[in-house]
Amino acid sequence: MNKDNLHILVTGGTGYIGSHVVVELLDQGHTVEIVDNLINSQIEVLDKIEQITNQRPVFHEVDLLDSSALNQVFDHSHFDLVIHFAGLKAVAESIEQPLKYYDNNITGALNLLQSMQSHDVKQLIFSSSATVYGDQGIEQCVETLPTGIKLTNPYGKTKYMIEEILKDLCVADPEFNIIALRYFNPVGNHVSGLLGENPNGIPNNLMPYIMKVAAGELPELHIFGNDYETPDGTCLRDYIHVVDLARGHLAAIRGLKPGFTAYNLGTGRPTSVLEMVTAFEQVSGQPLSHSFAPRRPGDLPKLYADPSKAERDLNWHAELTIEDAIRDILTFINHK
Ligand code: NAD
Ligand code: UFG
């Protein structure tokens, strides 16, 4: 496959990570079509993508659960490859509504794979997560570790189960080339401030919560636990700039090969919650109101990537810092 000007279907392409990947794909000269049901994104994202790239991807408002509508998308165009972001991702909601998560994420993935196979589209990049490593008491995760160990929520289990489905598919149909990218903690946004993460209501994740405090929409950040066995007592994570993450997908396209392969996309550098707060205060020049609260159930004290496999095989590594991410977030907040 000539990898220069591909026709790519992006599911979930109006979402936070998907929209950043679409920008990078268009900038590299690929042709992009998006499938999204807009359950967690807005149609206006297409205008922002167009403002940044001067190109407007074809958009299909289609739910992956609607297999006949999905098949029509594949009947209409021949895709060289699919990047699959579409899914629900709220950990707490997945515990409350497991069937909704299994249906949306697993059935959605199965419908997509069936459409791909029946239309002879056999190159796939899948958005997986560091959550597939579960709780093994290991802080720096490498791809040779087993997956699916002590997973604590249905969301994480869907990522693990989809990876297993993809492995089985590659055994049964050796023409499939599949890469699962295991994201660590994506943060930040496009440097223009036009795209970004803007959840409705009270966010669950650290950076969207900090953003709402900085924007004056929430009074203070609650730091969940300051008695962990870490240097400052708060949890360590691997925060990766979403633009670095997006570029990891470009590298993955070049690295597609027969069978199933998984890569970590992270920086390899752990950052504590308190370090993130301090960095935010330094870059913004403003204090960020925060207080300590009890531990959040299910949180691991330390989780960060060993990204050396992606460096070795894909010639990719993260280049941007958390300070870059915070600077870009401040631009995004000012644009709103
Ligand atoms: P997001 O919610 O911003 O984007 C997901 C998109 O998928 C949304 O636009 C949503 O409308 C769409 N979607 C959901 N279900 C759909 C369906 N049935 N049919 C069609 N469209 C559907 O999320 P994101 O942060 O951009 O995450 C993208 C992917 O990366 C997800 O699969 C997520 O699980 C995975 N991931 C995200 C993170 C993170 O921290 N953001 C970490 C690890 C993995
Ligand atoms: N945190 C706070 N206060 C908040 C929100 C978060 O102190 O208001 C802390 C958490 O306790 C944790 C750290 O900030 O120590 C990061 O929490 P996030 O919720 O931002 O991220 P997680 O590492 O818990 O989970 C994220 C995604 C999951 C994904 C996982 C691994 O939400 O979907 O990374 O990729 F599975």
Side-chain angles (χ1 to χ4, degrees), residues 10-21 34-43 45 60-66 69-70 83-92 94 100-101 103-105 107-109 111-112 126-134 141 151-153 155-156 158-159 162 180-187 195-199 202-210 212-213 218 220-226 228 230 234-240 242 245-246 264-266 271-274 276-277 290-305:
V10 180
T11 76
T14 44
Y16 168 50
I17 301 171
S19 59
H20 286 87
V21 171
I34 294 174
V35 160
D36 202 301
N37 65 356
L38 301 175
I39 190 135
N40 198 36
S41 54
Q42 288 79 38
I43 192 77
V45 166
H60 306 272
E61 187 173 341
V62 165
D63 191 322
L64 292 186
L65 298 184
D66 182 349
L70 186 60
I83 309 184
H84 178 40
F85 296 100
L88 298 173
K89 60 165 187 176
V91 171
S94 81
K100 176 176 165 186
Y101 272 68
D103 192 28
N104 193 76
N105 292 6
T107 310
N111 286 346
L112 178 68
F126 169 60
S127 292
S128 191
S129 166
T131 193
V132 299
Y133 292 113
C141 295
L151 302 180
T152 53
N153 60 78
Y155 163 71
T158 68
K159 292 293 173 193
I162 294 169
L181 296 175
R182 295 177 181 158
Y183 310 153
F184 281 69
N185 292 59
V187 290
L195 296 173
E197 195 176 17
N198 192 17
I202 299 185
N204 299 303
N205 298 118
L206 179 64
M207 198 48 100
Y209 205 107
I210 288 180
K212 296 229 172 193
V213 175
L218 288 171
E220 64 171 2
L221 171 72
H222 306 287
I223 297 180
F224 300 139
N226 62 344
Y228 286 100
T230 59
T234 66
C235 291
L236 299 175
R237 291 288 181 277
D238 187 336
Y239 298 95
I240 173 167
V242 69
L245 191 81
N264 290 340
L265 291 186
T271 301
S272 76
V273 181
L274 262 181
M276 188 60 97
V277 169
H290 60 275
S291 64
F292 293 111
R295 291 182 178 194
R296 183 172 69 175
D299 273 345
L300 300 176
K302 306 172 187 174
L303 186 70
Y304 55 100

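Counting starts at 1 for both ligands and their atoms, in listed order.
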- prompt: Among the heavy atoms of Gly108, does any lie under 4.0 Å from an atom of ligand 1?
  reply: no

- prompt: Heavy atom of Asn185 under 4.0 Å from ligand 1?
  reply: no

- request: Would you check ligand 2 and list the protein residues that come within less than 4.0 Å of it by any heavy atom, ordered by chain and number?
  value: Ser129, Ala130, Thr131, Tyr155, Tyr183, Phe184, Asn185, Asn204, Asn205, Leu206, Tyr209, Leu221, His222, Ile223, Phe224, Cys235, Arg237, Tyr239, Val273, Arg296, Asp299

message: List ligand 1 atoms under 4.0 Å from Ser127, heavy atoms only on the residue side.
response: 29 (C), 30 (O), 32 (O), 35 (C)

- prompt: Does Phe184 reach ligand 1 with a nitrogen or oxygen that is under 3.5 Å from one of the ligand's nitrogen or oxygen atoms?
  reply: no

query: Mind checking whether Val35 has a heavy atom under 4.0 Å from ligand 1?
result: no

- line: With heavy atoms and a 4.0 Å threshold, my read on which part of Val62 contacts ligand 1 is backbone

task: Please list, chain by chain and in numerical order, all residues satisfying side-chain contact (heavy atoms from CB on, under 4.5 Å) with Asn226, sequence neighbours excluded.
output: Thr234, Phe292

message: Taking 4.0 angstrom as the limit and counting only heavy atoms of Tyr155, give me the atoms of ligand 1 inside it, by number and element.
response: 33 (C), 34 (O), 35 (C), 36 (N), 43 (C), 44 (C)

task: Compute the minimum heavy-atom distance from Lys159 to ligand 1 and say whether it is under 4.0 Å.
output: yes

- prompt: Are side-chain heavy atoms of Thr230 and Ser272 found at a separation under 4.5 Å?
  reply: no

task: Provide the number and element of each atom of ligand 1 under 4.0 Å from a heavy atom of Ser129.
output: 43 (C), 44 (C)

message: Closer than 4.0 Å to some heavy atom of Leu38 - which atoms of ligand 1 meet that?
response: 11 (O)

field: Results of side-chain contact (heavy atoms from CB on, under 4.5 Å) for Ile39 - residues two or more places apart only
entry: Asn37, Leu88

message: I need the contact type for Asp63 against ligand 1. Using non-hydrogen atoms and a strict under-4.0 Å cut-off, is it side chain, backbone, both or neither?
response: both

field: Residues which pass side-chain contact (heavy atoms from CB on, under 4.5 Å) with Asn205, listed by chain and number, not counting sequence neighbours
entry: Pro208

message: List ligand 1 atoms under 4.0 Å from Ile39, heavy atoms only on the residue side.
response: 10 (C), 11 (O), 13 (N), 14 (C), 15 (N)

field: Residue-ligand contact Ser128/ligand 1, heavy atom below 4.0 Å
entry: yes

- prompt: For ligand 1, which atoms, with element, lie under 4.0 Å from some heavy atom of Ser41?
  reply: 8 (C), 9 (O), 11 (O)

